[in-house]
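Data first, discussion second: the structure below is written as structure tokens.
All of these numbers come straight from a predicted model, not from anything done at the bench. Each residue takes its place number in the sequence, starting with 1. Note that these values count all heavy atoms, side chains included, but never hydrogens, waters or copies made by symmetry. Note that ligands are numbered from 1 as they come in the structure, with each ligand's atoms numbered from 1 the same way.
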Amino acid sequence: MKIGSALLIKDGGPRTAWLNGLVDELVDLRRTSEIIVVSSGAIGLGAARLGLPKRGRASLADAQAAASVGQVDLARLWSEALGRHRIVAAQMLVTLGDLEDRRRYLNAAATLGRLLEEGVVPVVNENDSVATEEIRFGDNDRLAARVAQAAQADAVLLLSDVDGLYNRDPRENGAKLVERIDGVTPEVIAMASSASSSGLGSGGMLAKLQAARIAERVGITLAIVNGAHDRPIARALDAGRGTLFLPQQDESARKAWLSGRLAPAGVLSVDEGCVSALANGASVLAAGLTDVEGEFRRGDLVAISGPKGERLGQGLVEYTSAECIAILGRRESEQEAELGYAPRAAVVHRDHMVRA
Ligand code: GLU
């Protein structure tokens, strides 16, 4: 769930009552779903505290300074709002590179997974204070779609200050809300006006369409609803008001980016036991490894092959080639001595693997 600055901030200060209402809804939703929050607001809050012009966006240096000041406030806001329900908040600051570099992607995905297991609500934002222009998402809409991808989420909810996508500029007469989009085509993009109505965030409708495009290609549903009301999610559901972007590819496509067009950096050979475990959707464990070919780093793409050399699939490896050799054939209890640290859950995790 992505929350934009315009919803969270008014006149330079947080809209605490609104946030508490939203968190009440989030608590209800948590009965059936795991939730990750992507929250903007650092630049807006920091700019107000420092008294910077143009809401902190006069220059990149201003925005970065504002973000580092405001992020402290933002994290506290979420921690307090969730804390009212005895829910623990976690802060995760990421840059584009963290989700595109496969090694760091594995870490981000593992951290999100672990936090959710602990019942914590991760609150993610871009690491604005260090990201340079080239490695920024720039808007949290796309960040939300990438985080959803890393977390293998089913859906992304973008809470905006508009009801959704209109077929033309919503300020024009006769503009109509589009309820459902089956693929973000050039015609759909032409409907969006790049002007964000509030001027607080950086997103605007074009950024939301880019997010929708990322989501639809990896099998994730995305919705834009108006968050400006009290209890916005209930309102959007009751009124059926918003824009829904349907996935254009199935689940397998979600994993397809793992392999991309990259050539595997190595091959892991596995035994029969592992072959049947993989057929049942399990991960590759060290105990099933029989051979390691090639030199690779954690996060590289490796091929997985069976006892007869048959290709079983490929995925992102959790260890370097030297570590794989060290723990080859070993059970979990024996691995720590070889690695010098507590072993990871798998050599290639099922979530980061495509089967042949
Ligand atoms: N990461 C920015 C912030 O926290 C917001 C980016 C956006 O507006 O989408 O202020």
Side-chain angles (χ1 to χ4, degrees), residues 1-15 18-19 22 36-79 81 89-99 108 121-148 156-162 192-215 222 224-228:
M1 185 187 304
K2 182 256 174 176
I3 292 103
S5 304
L7 295 174
L8 213 54
I9 304 173
K10 194 167 182 213
D11 304 325
R15 294 174 66 213
W18 175 84
L19 178 61
L22 176 71
I36 297 171
V37 169
V38 172
S39 177
S40 304
I43 297 176
L45 290 169
R49 203 176 263 281
L50 297 175
L52 295 176
K54 296 197 177 159
R55 294 186 167 121
R57 292 181 189 267
S59 68
L60 184 62
D62 272 14
Q64 294 191 301
S68 56
V69 169
Q71 185 61 38
V72 180
D73 291 330
L74 187 61
R76 193 183 48 235
L77 257 177
W78 279 102
S79 171
Q91 170 181 272
M92 261 181 88
L93 299 180
V94 297
T95 55
L96 192 59
D98 295 326
L99 297 178
V121 174
V123 180
V124 184
N125 196 1
E126 182 156 25
N127 197 355
D128 289 310
S129 54
V130 297
T132 64
E133 235 144 355
E134 315 80 75
I135 60 155
R136 290 187 78 216
F137 285 98
D139 61 76
N140 277 0
D141 298 312
R142 280 181 305 159
L143 174 67
R146 289 284 182 219
V147 166
V156 179
L157 183 61
L158 301 179
L159 289 185
S160 170
D161 57 354
V162 291
S193 109
S194 58
S196 167
S197 55
S198 66
L200 252 185
S202 59
M205 193 49 72
L206 276 181
K208 290 177 178 50
L209 294 184
Q210 284 169 346
R213 213 177 200 169
I214 294 169
L222 181 142
I224 304 174
V225 304
N226 196 332

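Not a single donor-acceptor pair under 3.5 Å links the side chain of Q91 to the backbone N or O of V123. Between the side chain of E126 and the backbone N or O of V94, no donor-acceptor pair lies under 3.5 Å. A donor-acceptor contact shorter than 3.5 Å links the side chain of R15 to the backbone of L7.
Residue contact annotation: G41 has a non-hydrogen atom under 4.0 Å from ligand 1. Residue R57 places a heavy atom under 4.0 Å from ligand 1.
Nearest-heavy-atom check against atom 4 (O) of ligand 1 across D141, L143, N125 picks out N125.
Checking only distances, A42 does come within under 3.5 Å of ligand 1, N or O to N or O. Considering backbone and side-chain atoms together, S5 places no N or O closer than 3.5 Å to any N or O of ligand 1. Residue contacts with ligand 1: D139 is placed with no nitrogen or oxygen under 3.5 Å of a nitrogen or oxygen of the ligand (distance criterion only). The shortest N/O to N/O separation between N140 and ligand 1 falls below 3.5 Å.
Between L74 and L8 there is a side-chain heavy-atom pair separated by less than 4.5 Å.
Contact atoms of ligand 1 toward D128: 1 (N), 2 (C), 3 (C), 4 (O) (distance under 4.0 Å to a heavy atom of the residue).
By the salt bridge (Lys or Arg N to Asp or Glu O under 4.0 Å) test, D73 pairs with R49, R76, sequence neighbours left out.
If you run side chain to side chain contact (heavy atoms under 4.5 Å, CB included) between L222 and each of V156, I214, L157, only V156 comes through.
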